[in-house]
Amino acid sequence: MPGLNQNKTLLSLNQQPLADFKVGVDNAIFSVDIAQNRLMVLLVMRSCEPFANTWGLPGTLVREGESLENAAYRIMAEKICVENLYLEQLYTFGGPERDPREASDSYGVRYLSVSYFALVRFEEAKLITDSVADVAWYPIKEIPSLAFDHNEIISYGYKRLRNKLEYSPVAFDVLPEQFTLNDLYQFYTTVLGDNFSDYSNFRARLLKLGFLCDTGTKVSRGAGRPASLYKFDAEAFTPFKDKPLVFI
């Protein structure tokens, strides 16, 4: 049962005028630099207030007649050129005073952020820079203090990425079509940490599940023995769809 003070708060809120909202989209775009074992996040230097000359996530206000998803794809297309990606809606951030423009707006406009989580292939991603704003990859361990609540959005997106890697084949959306088992292992250790599984157990588990197909081709890298190239078989993965802890 709500307490007396809570009832008074609810009654007070019921007497407030309805909020007028502007809706924005912010993209937490992640990628894995396997060569240097780094999880990266795409940031943009803001050129205007609020938070001018401060790094933040690529974002935009939604235009009239535009869907949220189309706005997310639009802002991605303005900042990064990439063919292979995974995109899904993450969370809505709408706390009062999350945007300093609310305090100066005499009409009481609130600013919501519908955030999207994206994963792209690092090797093929081409950043689009212009004279208005800089754009750059930042290692997730070196992210500065960002505009608005974008540090919180990245934290939420990173948690979602880790959870999805445990049970979904999202990694195969951004890995090359053919990859070695070590490539796959490096991808997972970069995101989940070195302690999530040792290589031998990871290799044995995935090969036993049967949704990785040996292409019959080997590749030489360095002085070691040539490694087999594998492909992901989406149909063979169907029985495991949405089951937890498939990959760890």
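Linking Ile, Leu, Val, Met, Phe, Trp and Tyr residues whenever their side-chain heavy atoms come within less than 4.5 Å leaves I75 and V41 in two separate clusters. The hydrophobic clustering, which links ILVMFWY residues whose side-chain heavy atoms are closer than 4.5 Å, places L206 and L229 apart. Under the 4.5 Å side-chain heavy-atom criterion for grouping Ile, Leu, Val, Met, Phe, Trp and Tyr, F51 is not connected to L42 through any hydrophobic cluster. Residues Y199 and L184 are members of one and the same hydrophobic cluster, defined by side-chain heavy-atom contacts under 4.5 angstrom among Ile, Leu, Val, Met, Phe, Trp and Tyr. Linking ILVMFWY residues whenever their side-chain heavy atoms come closer than 4.5 Å, directly or via other members, leaves F30 and Y167 in distinct clusters.
Atom CZ of R121 has more than 12 heavy atoms from other residues, nucleotides or ligands within 6.0 Å. Within a 6.0 Å radius of CG in N201, other residues, nucleotides and ligands contribute more than 12 heavy atoms. Counting heavy-atom neighbours within 6.0 Å of Y91 OH, excluding the residue itself, gives a total of 12 or less. Residue-environment remark: NZ (K231) stays at or below the threshold of 12 foreign heavy atoms within 6.0 Å. Within a 6.0 Å radius of CD in E49, other residues, nucleotides and ligands contribute more than 12 heavy atoms.
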Side chain to side chain contact (heavy atoms under 4.5 Å, CB included) between F122 and I34: does it pass, once the steps are laid out? CA-CA 8 Å; F122 186 77; I34 295 178; over 6 Å; no
Please test F202 against L181 for side chain to side chain contact (heavy atoms under 4.5 Å, CB included), starting from the C-alpha separation and ending with a verdict. CA-CA 9 Å; F202 180 81; L181 291 178; 5.8 Å; no
Test log, rule side chain to side chain contact (heavy atoms under 4.5 Å, CB included), inputs T189 and N37: CA-CA 8 Å; T189 54; N37 299 327; 5.5 Å; no
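When side chains are defined from C-beta on, V23 does not count as touching L61, because their heavy atoms never get closer than 4.5 Å. Between L161 and L119, the closest side-chain pair of non-hydrogen atoms falls below 4.5 Å. In this structure, the side chains of L127 and W137 come closer than 4.5 Å at one or more pairs of heavy atoms. Counting heavy atoms from C-beta on, the side chains of D214 and L207 never come closer than 4.5 Å. In this structure, V191 and Y158 have side chains that are in contact, with non-hydrogen atoms separated by less than 4.5 Å.
Looking only at distances, no side-chain donor or acceptor of R98 sits under 3.5 Å from a matching main-chain atom of F148. Judged purely by atom type and a 3.5 angstrom limit, T190 uses its side chain to pair as donor or acceptor with the backbone of Q186. The backbone N or O of L90 lies less than 3.5 Å from a partner atom in the side chain of R160, making a donor-acceptor pair. A donor-acceptor pair is defined here as one N or O able to donate and one able to accept, closer than 3.5 Å; no such pair exists between the side chain of H150 and the backbone of G56. Side chain of S113 to main chain of F93: no donor-acceptor pair is present (N/O by atom type, distance under 3.5 Å, no hydrogens or angles). Judged by distance alone, with hydrogens and angles left aside, the side-chain atoms of E124 form a donor-acceptor pair with the main-chain N or O of N84 at under 3.5 Å.
Separation of atoms CZ (R225) and OG (S220) is listed at 11.5 Å; rounding is to 0.5 Å. The CG atom of N182 lies 11.0 Å from the CZ atom of R203; values are rounded to the nearest 0.5 Å. With rounding to the nearest 0.5 angstrom, the CG atom of L68 is 5.0 Å from the OH atom of Y116. If you take CG on L112 and NZ on K22, they are separated by 12.5 Å, rounding to the nearest 0.5 Å. Here the straight-line distance linking atom CD of E69 with atom CD of E88 works out to 11.0 Å at 0.5 Å rounding. Taking CG from L87 and CG from D173, the interatomic distance works out to 11.0 Å, rounded to the nearest 0.5 Å.
Between E166 and R162, no side-chain nitrogen of the basic residue sits less than 4.0 Å from a carboxylate oxygen of the acidic one, so the salt-bridge criterion is not met.
Partners of P144 by side-chain contact (heavy atoms from CB on, under 4.5 Å), not counting sequence neighbours, listed by chain and number: L43, W55, Y138, L146. Residues satisfying the side-chain contact (heavy atoms from CB on, under 4.5 Å) test with A77, not counting sequence neighbours, are none.
The shortest heavy-atom contact between V135 and I128 is CG1-O, 3.2 Å. Contact detail for M76 and L85: the closest heavy-atom pair is CE-CD2, 4.1 Å. Taking every heavy atom of both residues into account, L39 and V32 meet most closely at CD1-CG2, 3.9 Å. V120 and S31 get closest at one heavy-atom pair: O-OG, 2.8 Å. Between A28 and I153, the shortest heavy-atom contact is CB-CG2, 4.4 Å. Closest approach of N27 and A72 over heavy atoms only: ND2-O, 2.9 Å.
Classified by interplanar angle (parallel below 30°, tilted 30° to 60°, perpendicular above 60°), the ring pair F117/Y86 is perpendicular.
The six-membered or imidazole ring of F179 lies near that of F172, with a centre-to-centre distance under 6.0 Å.
The side-chain contact (heavy atoms from CB on, under 4.5 Å) with F237 is formed by just one residue from the set V246, L212, L209; it is V246.
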